[in-house]
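Please read the structure below before turning to the comments.
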Amino acid sequence: MKLQLIRHATMIIEVNSHRILVDPMFSQAGTLEPIPGVTSLSANPLVELPVDPSSLIDAAAILVTHTHVDHFDQAAIDLLPKSTPIFCQPEDREKIMAYGFSGVKAVDTSLIWNGIEIIRTSGQHGTGKIGQKMGPVSGFVLKAVGEPTIYIAGDTIWCPEVQTAIDQYSPSIIVVFAGSAQFSAGGPITMGLDDIKQVCLHARDARVVAIHLEAWNHCTLTRKDLFEYLKLNSLSKQVCLPCNGEEITFTRSPGKSQP
């Protein structure tokens, strides 16, 4: 299995020789409005794509965790082939179909595609009124014979739903959407330092990949601060912090991932 971080939550996961594009967001740096009322007033995205987006559109399938603009934007909608299969949460199926995509498949609980089992999990995109306002979000587990099981947690904080997914599927790889994103009011809506620590402590045999960093103006956690925290808490060997464009290869057995 290979995982290539493109930028933010956009990545390519190669499983069973099939390239799956996750959360395509193709906008050029600075072309989208900043999230108002946060420390950084920079326009989004904060950084350019490390590759030409045309190199990403030949994916065998697309996985959309949810349709917030930093995970599925107009630039991607315009460029992606409309016949490419798209897997999403049930709440987003009609919206994605309205963009002209013909092969949209909602994952209610699970389905099998080309020998890959795609399982939808739940999460909490924040707490209280902010979490309710953010709407439904999903994570996804990908399982295939001869491949490590990977759990893409999605836009969620550490919560019982994430713990349940780890307990139920025992993933070898856990991709967390970090950044400790937050607005001017309310708490974080994606994983921060303690959330990632809880994932590590609850899944000690899993390799954790932290993405969703330094690309959107409401993400407050930097790679540098996360790296220092992991080192201080003896978690550096368990957590990988890929740079944009970086590719990681994983073997089947837990603990034998090869960056």
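Everything quoted here is computed from the prediction, not taken from an experiment.
Tracing side-chain contacts under 4.5 Å through hydrophobic residues (I, L, V, M, F, W, Y), one never reaches Val137 starting from Ile96; they form parts of separate clusters. Note on Ile211 and Ile12: separate hydrophobic clusters, where clusters join Ile, Leu, Val, Met, Phe, Trp and Tyr whose side-chain heavy atoms are under 4.5 Å apart, directly or indirectly. Residues Ile6 and Met25 fall into different hydrophobic clusters, defined by Ile, Leu, Val, Met, Phe, Trp and Tyr side chains chained together at heavy-atom separations under 4.5 Å. In this structure, Val47 is not a member of the same hydrophobic cluster as Trp216, with clusters built from ILVMFWY side-chain heavy atoms closer than 4.5 Å. Note on Ile86: it clusters hydrophobically with Leu79, by side-chain heavy-atom contacts below 4.5 Å among ILVMFWY residues.
Side-chain heavy-atom separations under 4.5 angstrom define the hydrophobic clusters, and the remaining members of the one that includes Met191 are Ile119, Val141, Tyr151, Trp158, Val162, Ile166, Tyr169, Ile174, Val176, Leu193, Ile196, Val199, Val208, Leu213, Leu221, Leu226, Phe227, Tyr229, Leu230, Leu235, Val239, Leu241.
Among the candidates Glu161, His66, Gln89, the single residue satisfying the side-chain hydrogen bond (donor to acceptor under 3.5 Å, both in side chains) test with Ser138 is Gln89. Considering Leu21, Ile152, Ile248 as possible partners of Met11, the one that fulfils the side-chain contact (heavy atoms from CB on, under 4.5 Å) test is Ile152.
Counting heavy atoms from C-beta on, the side chains of Asn16 and Met1 never come closer than 4.5 Å. Side-chain contact check for Phe177 versus Thr65: some heavy-atom pair is nearer than 4.5 Å. Between Leu56 and Pro24, the closest side-chain pair of non-hydrogen atoms is not below 4.5 Å. A 4.5 Å side-chain heavy-atom check between Ser83 and Ser102 finds at least one atom pair inside the cut-off. Looking only at side-chain heavy atoms (C-beta outward), Ile35 and Phe183 come within less than 4.5 Å of each other. No side-chain heavy atom of Glu147 sits less than 4.5 Å from a side-chain heavy atom of Glu14. For the pair Thr220/Ser180, a side-chain contact is recorded, criterion being any heavy-atom separation below 4.5 Å from C-beta on. When side chains are defined from C-beta on, Asn217 counts as touching Leu46, because their heavy atoms get closer than 4.5 Å.
Nearest heavy-atom pair, Gln124 versus Pro160, reported as atom, atom and distance to 0.1 Å: NE2-CD, 4.0 Å. For the pair His202 and Gln163, the tightest heavy-atom approach, listed with the atom from each and the gap, is NE2-CG, 3.2 Å. When all heavy atoms of Asp167 and Ser170 are compared, the closest pair comes out as O-OG, 4.0 Å. Contact detail for Ala206 and Pro171: the closest heavy-atom pair is CB-O, 3.4 Å. Heavy atoms only, all atoms of each residue included: Gly245 and Gln4 are closest at O-NE2, 3.0 Å. Nearest heavy atoms, Ala178 versus His212: O-ND1, 2.8 Å.
Rounding to the nearest 0.5 Å gives a distance of 11.0 Å between CZ of Phe140 and CD1 of Ile20. From Glu214, atom CD reaches atom NE2 of His8 across 12.0 Å, with rounding to the nearest 0.5 Å. To the nearest 0.5 Å, atom CZ of residue Phe26 and atom CG of residue Leu49 are 7.0 Å apart. Put simply, CG on Leu3 and CD on Glu246 are 10.0 Å apart, with the number rounded to the nearest 0.5 Å. Going from atom SG of Cys243 over to atom CZ of Arg7 covers 15.0 Å, rounded to the nearest 0.5 Å. Atom-to-atom distance recorded for Cys200:SG and Asn233:CG is 9.5 Å, nearest 0.5 angstrom.
For the pair Asp23 (side chain) and Ala9 (backbone), a donor-acceptor distance under 3.5 Å is absent. Under a 3.5 Å cut-off, the side chain of Glu48 and the backbone N or O of Ala29 do form a donor-acceptor pair. With Thr31 contributing its side chain and Gln28 its backbone, the two residues share a donor-acceptor pair below 3.5 Å. At least one donor-acceptor pair closer than 3.5 Å links the side chain of Arg120 to the backbone N or O of Asp108. A distance-only check finds no donor-acceptor pair linking the side chain of Asp78 to the backbone of Ala75 [under 3.5 Å].
Side chains of Asn44 and His218: a donor-acceptor N/O pair is absent below 3.5 angstrom, by distance only.
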Start with the C-alpha distance between Thr190 and His125, add both sets of side-chain angles, then the distance that settles side chain to side chain contact (heavy atoms under 4.5 Å, CB included), and finish with yes or no. CA-CA 6 Å; Thr190 63; His125 201 356; 4.1 Å; yes
Applying side chain to side chain contact (heavy atoms under 4.5 Å, CB included) to Thr84 and Phe101, what does each step give before you reach the verdict? CA-CA 8 Å; Thr84 303; Phe101 292 94; 5.8 Å; no
Give the C-alpha distance, both sets of side-chain angles, the deciding distance and a yes or no for side chain to side chain contact (heavy atoms under 4.5 Å, CB included) between Ile150 and Val15. CA-CA 10 Å; Ile150 184 169; Val15 54; over 6 Å; no
Sequence neighbours excluded and cut-off under 3.5 Å, please list the side-chain donor-acceptor pairs for residues 110-118, or say none.
none

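Within a 6.0 Å radius of NZ in Lys82, other residues, nucleotides and ligands contribute more than 12 heavy atoms.
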